[in-house]
Structures are given as structure tokens and as C-alpha cells.
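One structure below.
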Amino acid sequence: MDPVLTGLLKPKSVAIIGASATPGKIGNTVVKNLIESGYQGGIYPVNPQAEEILGIKCFPTISAIPGEVDAAVITIPAKFVVEATEECGKKGVKGLIIITSGFSEVGRADLEQEIVDIARQYGMRVLGPNIVGTLSNSDKMNASFAPFLPLAGKASLVSQSGALLIAMDAATYTRRVGFDKLVSIGNMSDVDFADLIAYLNEDPATSCISLYVEGLKDGPRFIAEARKATKPIVVLKSGVSAHGAAAAASHTGSLAGAAKIYGAAFEQAKVSQATDLDDLFDRTLALSLEAPMKGENLLVLTNGGGVGVLATDSAEKAGIPLHFAPEDVQEELKKHMPDFGSAKNPVDMTGMAGNEWYHDTVKFAYAHPWVDGLVILYCETAMTLPQEIAQSIHAAITETGITDKPVTVSFVGGERSDKAMEWLVENGIPAYGAPDLAVNAMGALREYGRMLDLANEKPYLPEKVDSALARSIIASARKHGRNALTEIEAKKVFKAYGLPITETDLAKTEEEAVQLARKIGYPLVMKIVSPDILHKSDAGGVKVNIKDELGVKEAFQTITKNALAYKADAFIDGIAVQEMAPWATEVIIGSVNDATFGPTVMFGLGGIFVEVLKDVVFRVAPVSLLEAEKMLESIKSAAILNGVRGEVMRDKKALAKVLASYAFMVYDLKDEVSESDANPVIVYEEGKGVKVVDARIILKKK
Ligand code: ADP
Ligand code: MG
């Protein structure tokens, strides 16, 4: 483990710079909290005005402290923090926990940077500023102004909001979801989510990493660390409402919103996304206690038909629809129910089920290889005691010795059921107050299992790449002072990454157009080539289905005339003459260079699907082939590619390859390309490939 971060988060001694004898002051609260939480390391209050604080010897300066200091909690006003940082550096402090606010959040990023720069010189790390502090049950350490340690458990929380951290701290007791560490991350001047994911992944007291995120500073690093983590990560991201997409030069730019790209990035980084605070707790509970669900077979056990039906509905919504177990499994299950029970799925043992039936059925079902995940439901009955049922379930699960298969539980009833569930959670089995919540939790475990498979895939590398050629085309456009490539240039770049484009040549004159037409063959498409006209059809600059020489001549004149009518001073390079691709299913591929995550690729179906329904999917580039295949499946209108309504199956294999190559291209050119699209790309029937008929690349301003 990183020794510096260990010093910061698991310190052997803590100095409190700005410690105060006045109750209610943060500098007093932190000292009090360290004492009351039972912290066993050295506590060193620093304040030149006090002899002792809360019965502990106080030091005038940090250098006056006799022993080593691992972490310094800083509560003095912002303007004094720079000096304190320098002193801490000299003392050999490993990490600063800067509670003080008044930095970048109020426009003083400069002050924050100064502190980080000094800290770096001394090899210190900085948590904050503008934070609550950090808390750890396993270290019995509350180095914060939050009032108490959270309910003990196996998850750890990193929160960008201090207020929410304090609220969640208290809520751990009412919701019965336990945490080991709570870390307030504030302005993230230095230590960020990626650092803490790496640290907590190694922390033996943490089994699940929960995050409350408002915004990331370095998206790619977050993805890299989250991908590397072997422990599950859950995130609640705020600010997901539609982000007013700014007027953008490309179609993709106008469709990309922060929420969509964050969502994509989390999925790629196998981070489980909570929809709200309740969901964050629910997912954290399941992921901190249970293994991912590795197959599709979920079995639901119940003693009541009603909750069984509710579970069936939720299972479908959660993406794990119920299937009937094989005959032999059903036969065995029938031994533990009356004749009127059901061994299908949900398995209904009926209200007659007592401790023994629960025990035997759970034990058999949980151990059976067909079962990939088990949800156990129980409705309070007059003949059973919830606590006894809970104990039977726990005993059955434990007796199997299995730990790599998930189980979730829901008891529906009153106080006794609540108590029994509390007991179950304390004994390592996640239990929820409603059947749909237990199923949703299993859904999260299944989703995590699926994400794990995908995240292991390597990014796709196109077979032949001519990066140098692509760069020379871009450089030459820049030399002419242009930020947008023409279609012909953009297609050359596409081709350099192996993308299948319609071959295109430039005709400067009508005569040249005729010559080219003879070479290419009919039917043809002709298009305006002008750096001043980005959307060619809008300018009447595209003519399709040109069948003969006369048509070529006519098109040449009409297009030129239309272009000048559209924009009188447009500079016209000439007219592109290109092969006409037969019509099939139209899709769009595009990219944006996202401020947080960098090059991000988009896919959607063309026409109304993209224009009206905005049915598109994003992924941070590069992507694996499997991920590209998954993109094709994850738009709402995915079925169109499968050939619905008498249409034929489309060449999804070829399309996935093109999409993955495209992602590689925008990743490789991330320093050059700001936005791009291939719109449309025509997808032919299975085995017949795809064709990119239009290409657009907007360069980054330099
Ligand atoms: P823009 O998007 O700038 O208006 P496009 O190059 O996309 O121009 O052309 C407009 C439309 O013309 C396309 O959406 C497509 O339907 C059709 N088209 C363009 N080029 C070809 C081609 N080579 N083969 C077949 N159809 C084409
Ligand atoms: Mg187009």
C-alpha cells in the first residue's frame, strides 16, 4: 500500500493545527472526536495560545511536537494554510487533512495550487481542502467534525459533498448499512477518487467502495483505477439532468450530454450506478457482502404467492427474468412443500413452510449448480418466528460452505421481521424490507458480474493503421488555416484507420468530372467540396443517382450554382465524384472530445432514430470489440439491425469492427480531433459489410 496515503488515512499520530479549547469550534470538535472515537495513536493539538486542550498537552507549533506526525488536520483560516503546509513539510508529515474552506470553491484555486505545490516538494499528499475529515471504524479514528463513527461494516464511502457525508454517517444506523471508512474529498486539490479507489482496493477493512461524485477531474485516470480494482465500486453521481448541449458543429456534439458520457464511463469501468441515495445504500449493502452473480439463473424461494409475483415482476425489470429450474431440481424442491406448493420459479413453499423447510430448501437450492443467484422471501405467518427463519436461512447458507454465489433476502412483516433482518445483515446476509428491493439488489450483483466480463476485454486495434498519413492530412489542413476537414480529407483519415469508405475523387472542372465518372462507373454521387460548407445537403450540394455523362455535367453546374447561392463567398475546392453505395440500413457513428473523459465514440441508427428519438449510445474510446458489439445491442431500436418486419439481418460483425476501429481512430488522434462523424454509414446484410458514405472531422483549436 502507498505509505504516504497510509499515513494520511491510517495515521499512527495526528496533529490538529488550529486545535481549540472553545467547545463548538471545529478545532475543538476534531480533538474531541479523536478522543471519543477511541483513537489509539498520538493526538497532538497545535495552538500557541493553549497549554492543553480536553486534557491533552497542546504544542505551540508543529515543530515542537516531539514524536513523528503522520497526518495533520488543518482547521486554521485559509490565509494561514500555506505557511502551515510548509511547516508540516519540514516536520516530515505524510498527509494533510485540510478541513478549512475558502479555496477553489470561492475562486481561490491559486491558493489551493500553492499548497499542493509545497506539499509535493515534501512528498506530502493533500486531502481536501473544504472537507469534513476522515473516519475509520477499524482504526477507531474520527478525524473529522462529523459527530460519530458510522455503523461498522465492510464498505467505505468517499464523498465529494461534506454535508452528505455527515448525513449518511447518521443514516448508516437507521438503514443498517455498515461502513468502515468515510472519507470526505472536497475540492480534490490533490487526492482524488482514483487515488482512493487504488488505496481502498488494498485496504483489508474495505470490501466495497462507495462514491458520491459531483464531477471528476481526470476521467481517464478514474476509469483506469476503477478497472484495475478487484473490489466492487458503487457510485451515486449527481447532476445527471439533461445538460444543455451547446450548439455543436457535428451531430454527435449536440447529442452528447455529460450524464450520458458519465454513465458510459462508469459502465466501462465496471462501476455500479445508483439512481438515488436509497439505491446507493441498497447496492452498497449487497456488493459489500455478496459475490457477483456470474450466470443468468436466478431462483426465488418464498412462502407467499403474492411476494413471489412481485419478485417476478421486479426480476424482469432488473434484467434477470426468471426461468424454470430443470425437472430434477423441481423434483427435489417438491419434497419440502405441500401438494399445493409450486416448484417452478418462484418456488412457493406456501404458508406452511416452517424452519425446517426453509433450511432444507435453501440449503439444496443454494448448493445446486443450476442456481447462479438466490433470492429468499418470507412473509410473517402465525405459525413461524422471523428470527428462527432467519437463523435457519443463515445456517443453511453457511453449511454449504459456498461463498462465491450471491444471496439476498426480504422479510415482509412487522418489528420482529425487521429485527430478524438486522440480525441477518449483521451475520453477513443482505436483507431488504421489500421483495423488489431484494431482487433489485440481486440485479445489481448480476449487472456487476456482466460488467466484470466486459471490463477484462482488451481495446480493439485495427489491423492496418497509418497514423502518420492521417496526421499529415490534418497538418496540411491546419497549414491552410482550416479547423474543418473536407469530406475528401476526412475520408482519407478514416481510410488510414481501415474504415471502409466510398472512394472519392475531386474534380476541379466539368471535364475532370466526366473523366472521373468514366473511371468510377455509374451510378454516381457528386458533392460540393468547400471548407465553408459543412452540411452539404443544406446547401443543395449533394446529387445522388447520377446515371450518365449528361447527368454529371448537369450536376456539376447545379451544385456549383447552389453552393454560391447558399454562401456567395464560399471558397469552392471543386466537386467530389464518388461511387454510389446501394441503400440499406443507415447508422451514424461519431465522436466528441469530452472535457472529462476525452475522446468518446457514439453510435445510433440514422434518420428519425437519431433526429427525433435521440436513440444513441456513447463509450469512452478506445473500446474492445465485445464492447462495440454491446453498443449495437444497447440502443433502444437495436432490433432494427436484426432485420425486423421482413428486413434481413444486418452485418453487425462488420459494423462492430468499424465502430471499434473508429473509436481507436479518435483515441489515437485525441490531440487533434475535437468532433467527428460518419453520417451515414450504410450497413448491408450479414456478410456484406458496411460503407461510410460521408465523413466529417472538426479539429481542436490550437
Ligand atoms: P451532408 O451530411 O453533408 O448533407 P452527405 O454526404 O451525408 O452530406 O450526403 C447526404 C445524403 O446523401 C446522405 O445522407 C446519403 O443518404 C446520400 N449519400 C451521400 N453520399 C452517398 C454515396 N456515396 N452513396 C449513396 N448515398 C450517398
Ligand atoms: Mg452526412
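Both ligands and their constituent atoms are indexed starting at 1 by order of listing. The figures here come from the full heavy-atom set of this structure, side chains too, leaving out hydrogens, waters and symmetry mates. It should be emphasised that the depicted structure is a prediction, and the values quoted were computed from it without experimental measurement.
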How about [X]: does its [atom1] atom have over 12 heavy atoms from other parts shown lying under 6.0 Å from it?
X	atom1	result
Lys495	NZ	no
Lys217	NZ	yes
Tyr667	OH	no
Lys700	NZ	yes
Lys458	NZ	no

Nearest neighbour in protein (non-hydrogen) for [atom]:
atom	result
atom 6 (O) of ligand 1	Lys527 NZ, 2.6 Å
atom 21 (C) of ligand 1	Val693 CB, 3.7 Å
atom 17 (C) of ligand 1	Val544 CG1, 4.0 Å
atom 24 (N) of ligand 1	Ala581 N, 2.9 Å
atom 3 (O) of ligand 1	Lys536 N, 2.8 Å

Enter the distance from [X]:[atom1] to [Y]:[atom2] here, rounded to the nearest 0.5 Å.
X	Y	atom1	atom2	result
Ile185	Leu196	CD1	CG	4.5 Å
Arg221	Ile197	CZ	CD1	9.5 Å
Ile488	Lys527	CD1	NZ	9.5 Å

Phe597 and Tyr262 aromatic ring geometry - parallel, tilted or perpendicular at 30°/60° bounds: perpendicular

Tally, protein N/O/S atoms nearer to the Mg ion (ligand 2) than 2.8 Å: 2

Residues in ring pair (Phe, Tyr, Trp, His ring centres under 6.0 Å) contact with Tyr448, at least two apart in sequence or another chain: none

For [X], the ligand 1 atoms whose distance to one of its heavy atoms is below 4.0 Å:
X	value
Pro680	7 (O), 13 (C), 14 (O), 15 (C)
Ser537	1 (P), 4 (O), 8 (O), 10 (C)
Met580	24 (N), 25 (C)
Asn679	7 (O)
Asp694	1 (P), 2 (O), 3 (O), 5 (P), 6 (O), 7 (O), 8 (O)

Is the contact between [X] and ligand 1 made by the side chain, the backbone, both, or neither, using heavy atoms and a 4.0 Å cut-off?
X	result
Glu579	backbone
Leu534	backbone
His535	backbone

N or O contact, Gln578 vs ligand 1, cut-off under 3.5 Å: yes

Under 3.5 Å: N/O of Val525 near N/O of ligand 1: no

From CA spacing to verdict: side chain to side chain contact (heavy atoms under 4.5 Å, CB included), Tyr566, Ile533: CA-CA 9 Å; Tyr566 181 76; Ile533 299 173; 4.3 Å; yes

Contact check, Glu586 vs ligand 1, heavy-atom distance below 4.0 Å: yes

cation_pi(Lys491, Phe494) dist<6.0 Å, angle<=45: no

Residue pairs fulfilling side chain to side chain donor-acceptor pair (under 3.5 Å) with at least one residue in residues 550-563, sequence neighbours excluded: Glu510-Gln557

Residue pairs fulfilling side chain to side chain donor-acceptor pair (under 3.5 Å) with at least one residue in residues 685-695, sequence neighbours excluded: Lys536-Asp694

